[in-house]
Every structure is written in C-alpha cells, then in structure tokens.
Peer 1: 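Sending over a structure as structure tokens; questions will come in a sec.
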Amino acid sequence: MTTTEAEAAAAAVVPGQGRDGQVRDKGTIRLGDRTRGEATDDTPRYAPEWLELREPVDAAARAVELLDPLRIRLANLPGRAGGLVIHDLGCGTGSMGRWLAPRLDGPQHWVLHDRDPYLLHFAAVGSPRSAADGSRVTVETQRGDVARLTADALAGASLVTASALLDVLGQEEIEALAAACAGAGCPALLTLSVVGRVELTPAHPLDDEIAHAFNNHQRRGDLLGPEAINAACDAFARHGATVRVHPSAWRLGRDESALTAEWLRGWVGAAVEERPELAARADAYLKERLAACEAGELNVVVHHSDLLALARPTGGA
C-alpha cells in the first residue's frame with residue numbers, strides 16, 4: 001500500500017469499521033466457497049490483485065439493459081425518500097459498488113458483505129462517495145454467512161447486489177437468498193454468473209475437454225456452478241419475483257492479455273484438479289495458449305449471465 005493509500009485508509013470513517021482499520025464483525029453472511037471444508041474465516045477467497053485485474057472487464061460485461069427496469073422499481077419503493085440501502089453480497093474489493101452507485105440517483109448507503117476482512121477493508125476505502133446525481137454514498141462493512149441470510153437481515157433493504165456469486169453457491173443457499181429477498185420485498189441484481197460456455201479463437205482440439213472438466217470442477221460438493229443461474233431464476237420465480245436475465249460475456253483480446261493469461265492458468269488448473277489424467281496434455285496446451293496470448297493472437301469469450309429479480313415490494317408499494 002502506498003503512503004497516500006495508507007493515509008486515506010487511516011482517515012476513512014466507515015460504519016462497521018474502526019479507525020484502526022479493523023472490521024467490526026456483525027456476523028450475518030459468509031460466502032460459500034469450494035474450500036469451505038478446509039477454509040477458515042481468515043482464508044481469503046480471492047487475491048485483491050485478481051479482483052483488480054478483472055474489474056474493468058467485469059464493468060464492460062455487466063448488462064446495462066437491466067438498469068432501467070431496476071431504476072423504475074427503486075423509484076417506486078416505499079421509503080425511497082430516505083435514500084437507498086443496498087446490500088452487496090460477497091463484495092470482494094467493492095467493484096460492484098464502484099460500477100453501480102454512480103449509475104443510480106439519490107442518497108445511497110451500501111452494506112458491504114464478505115467473509116474476508118482484508119477485502120472488506122479495500123472495499124470500504126475504495127467505495128464511491130457520490131451517486132449519479134451527486135447525492136452522498138456511504139458504506140459499512142459486515143462479515144458473516146450467506147446460509148444465514150434471512151428477511152430480517154435485509155430489513156429496510158432497497159436492493160441486494162452481487163457479482164460472480166451465484167455459481168459458488170449451492171441449491172439451499174440460492175433458495176435462502178431468494179426467500180430473504182422476497183421476505184424483505186427488495187429486488188436483486190446478481191451479475192456475472194458463469195454459464196459453462198467458453199469460446200477460444202483460434203480453436204484447439206483440447207478446448208472442449210478442458211471446458212468440460214472445468215465445469216465439473218465448478219459443481220464439486222453441493223455447488224451448482226454453471227447451473228446456478230437457472231436455479232436462481234426458478235427460486236426467485238417461485239417466490240413471486242419477476243425475473244429478467246441478460247448475457248454479460250467477458251470479451252478478451254489483445255488489450256486484456258494479462259487477465260486472459262491469469263484466467264487461463266486458473267481455468268486449466270481447475271480442469272486438471274478435476275481430471276488429473278489431463279495433466280501432461282493440459283501442460284502443453286497451457287504453454288501454447290499462453291504463448292498465443294502473449295503474442296496477441298488469442299481471443300476468448302467467457303459467457304456469463306446477469307439476473308434481475310424484482311420481488312413484490314412490501315409496505316404497500
């Protein structure tokens with residue numbers, strides 16, 4: 001951290017976080033993750049460097065087409081005059097808030113949830129301070145377990161957001177999320193869920209085999225992986241929400257080569273973890289793909305979907 005960043009962190013006053021930079025644990029949400037059997041509360045889910053690398057590509061991919069129906073619903077929520085209260089689940093370093101807060105009008109209070117206090121600190125310090133119309137944006141941080149999420153935990157919420165979350169959840173957690181949003185009468189904007197489709201150009205004979213192994217890795221344990229977006233649509237619909245889905249693909253070319261290289265390493269690594277017998281062929285494949293990436297000769301499309309679930313408002317709206 002640079003001196004300027006350190007000074008900013010020390011000066012930031014964030015509800016739920018002290019001047020010493022320590023997060024005040026309020027214990028409401030803990031994210032599912034693929035090492036849940038081995039990880040502790042102190043185990044980071046993602047490196048900040050990876051999240052920083054993907055942030056501009058995430059921002060370009062998210063479906064802006066879902067924002068107008070969201071704005072209409074938010075404008076008609078009861079209690080809107082007091083400003084929006086937005087819960088960001090699995091916030092990481094806060095990229096969702098940096099993308100969405102400047103696209104919404106009116107005062108906003110963001111509640112940033114993540115299991116990792118290190119990431120929460122980055123999210124709080126790096127959060128936007130003003131909305132689209134110049135209104136004030138404030139934040140607080142919370143740690144906890146998504147499996148415990150209830151309508152009571154979302155009392156007073158105007159919106160629930162998340163990015164790259166659904167595919168690391170199981171069926172019960174998705175059901176709990178849908179039920180909590182329905183009980184609180186708040187919409188949910190859940191972006192960048194993987195759908196199990198990847199396109200690499202030029203093609204390679206091993207592409208499909210690696211993709212299949214990776215998708216199976218995503219389904220380890222009770223996680224839904226590429227099936228999560230459909231499961232979430234069904235769950236929210238069962239709870240009476242109007243659901244919209246829109247594609248939000250990453251499109252990686254020469255200008256995104258650093259992200260592409262890191263994505264390739266993780267994608268191939270997970271495939272080999274799922275199918276160790278692929279190791280020798282996958283090693284040669286990865287070297288070839290990384291060389292093409294470095295030369296600016298590889299293009300990748302990683303397909304995702306964004307989901308907007310408009311729950312029936314409570315309070316007579």
Side-chain angles (χ1 to χ4, degrees), residues 29 31-32 58-59 61-78 80 84-91 95-97 99-100 103-104 111 113 146-147 149-197 215 218-219 222-250 302-317:
I29 296 176
L31 295 176
D58 285 350
R62 290 191 184 97
V64 295
E65 293 84 356
L66 297 178
L67 292 183
D68 278 347
L70 174 62
R71 291 184 185 108
I72 292 169
R73 173 55 59 88
L74 294 177
N76 291 290
L77 283 177
R80 170 63 195 263
L84 299 173
V85 177
I86 301 172
H87 288 252
D88 187 12
L89 309 183
C91 67
S95 68
M96 186 66 174
W99 180 81
L100 184 59
R103 287 172 167 81
L104 299 177
V111 185
H113 299 270
V146 73
L149 184 64
T150 64
D152 289 342
L154 295 178
S158 309
L159 173 65
V160 166
T161 69
S163 191
L165 172 67
L166 288 178
D167 46 78
V168 294
L169 298 181
Q171 184 68 46
E172 290 185 3
E173 292 164 324
I174 287 176
E175 291 286 347
L177 176 58
C181 290
C186 69
L189 179 63
L190 309 172
T191 69
L192 296 170
S193 297
V194 297
V195 297
R197 291 191 296 118
N215 289 340
Q218 296 287 98
R219 302 180 182 103
D222 60 354
L223 306 184
L224 292 176
E227 283 74 50
I229 188 72
N230 288 334
C233 288
D234 291 345
F236 278 97
R238 281 195 300 273
H239 285 279
T242 299
V243 179
R244 299 174 184 235
V245 177
H246 201 281
S248 54
W250 277 2
V302 183
H303 290 275
H304 304 90
S305 287
D306 289 3
L307 180 155
L308 175 64
L310 300 174
R312 296 189 183 115
T314 60

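Position 1 is the first residue of the sequence, and the numbers go up from there.
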Peer 1: Check C233 against L307 and note the closest heavy-atom contact, atom names and distance.
Peer 2: SG-CD1, 3.5 Å

Peer 1: Is any side-chain heavy atom of D88 less than 4.5 Å from a side-chain heavy atom of L100?
Peer 2: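 Result no, sub-4.5 Å side-chain heavy-atom pair not found.
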
Peer 1: Can you name the closest pair of heavy atoms from F236 and A309 and give their distance?
Peer 2: CD2-CB, 3.4 Å

Peer 1: When rounded to the nearest 0.5 angstrom, what distance separates CD in E173 from CG in L89?
Peer 2: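 It comes to 11.5 Å.
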
Peer 1: Measure the CZ-OG1 distance between R62 and T161 for me, rounded to the nearest 0.5 Å.
Peer 2: 9.0 Å

Peer 1: Measure the spacing between CD1 of I72 and CG of N76 and express it to the nearest 0.5 Å.
Peer 2: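 Separation between the atoms: 8.0 Å.
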
Peer 1: Are the side chains of P226 and R219 in touch, meaning some heavy atoms are under 4.5 Å apart?
Peer 2: yes

Peer 1: For residues A228 and L166, report the shortest heavy-atom separation together with the two atoms involved.
Peer 2: CB-O, 3.3 Å

Peer 1: Please find the pair of heavy atoms, one from L308 and one from L66, that lie closest to each other, and give the distance.
Peer 2: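 In this case the closest contact between L308 and L66 is CD2-O, 3.5 Å.
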
Peer 1: Is it the case that the side chain of D167 and the backbone of V194 share a donor-acceptor pair, with hydrogens and angles ignored and the cut-off at 3.5 Å?
Peer 2: yes

Peer 1: Please report the closest heavy-atom contact between T191 and S163, naming both atoms and the distance.
Peer 2: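 Scanning both residues completely, I find the closest heavy atoms to be OG1-OG, 3.2 Å.
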
Peer 1: For A61 and L192, work out which heavy atoms get closest and say how close.
Peer 2: CB-CD2, 3.9 Å

Peer 1: Only distances under 3.5 Å count here; give the side-chain donor-acceptor pairs of residues 175-188 to other protein atoms, sequence neighbours excluded, each with its distance to 0.1 Å.
Peer 2:
from : atom 1 : to   : atom 2 : distance (Å)
E175 : OE1    : R238 : NH2    : 3.3
E175 : OE2    : Q171 : NE2    : 3.1
E175 : OE2    : R238 : NH2    : 2.0

Peer 1: Apply side chain to side chain donor-acceptor pair (under 3.5 Å) to D306 and list each qualifying residue two or more places apart in sequence or on a separate chain.
Peer 2: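 Here the qualifying residues are S248.
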
Peer 1: Might you confirm whether atom CD of E65 has over 12 heavy atoms from other residues, nucleotides or ligands at distances under 6.0 Å?
Peer 2: yes

Peer 1: Say you draw a straight line from SG of C91 to CD1 of I86; how long is it, rounded to the nearest 0.5 Å?
Peer 2: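 Here the interatomic distance stands at 13.0 Å.
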
Peer 1: Looking at residues at least two apart in the chain, or sitting in another chain, which of them share a salt bridge (Lys or Arg N to Asp or Glu O under 4.0 Å) with D68?
Peer 2: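 In terms of salt bridge (Lys or Arg N to Asp or Glu O under 4.0 Å), with neighbours along the sequence ignored, D68 is linked to R71.
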
Peer 1: For L84 and L159, what are the C-alpha separation, side-chain angles and deciding distance, and is it a side-chain contact (heavy atoms from CB on, under 4.5 Å)?
Peer 2: CA-CA 8 Å; L84 299 173; L159 173 65; over 6 Å; no

Peer 1: Say whether, by atom type as modelled, one donor and one acceptor occur between the side chain of H304 and the main chain of V302 under 3.5 angstrom.
Peer 2: yes

Peer 1: What's the spacing between L104 CG and S158 OG if we round to 0.5 Å?
Peer 2: 10.0 Å

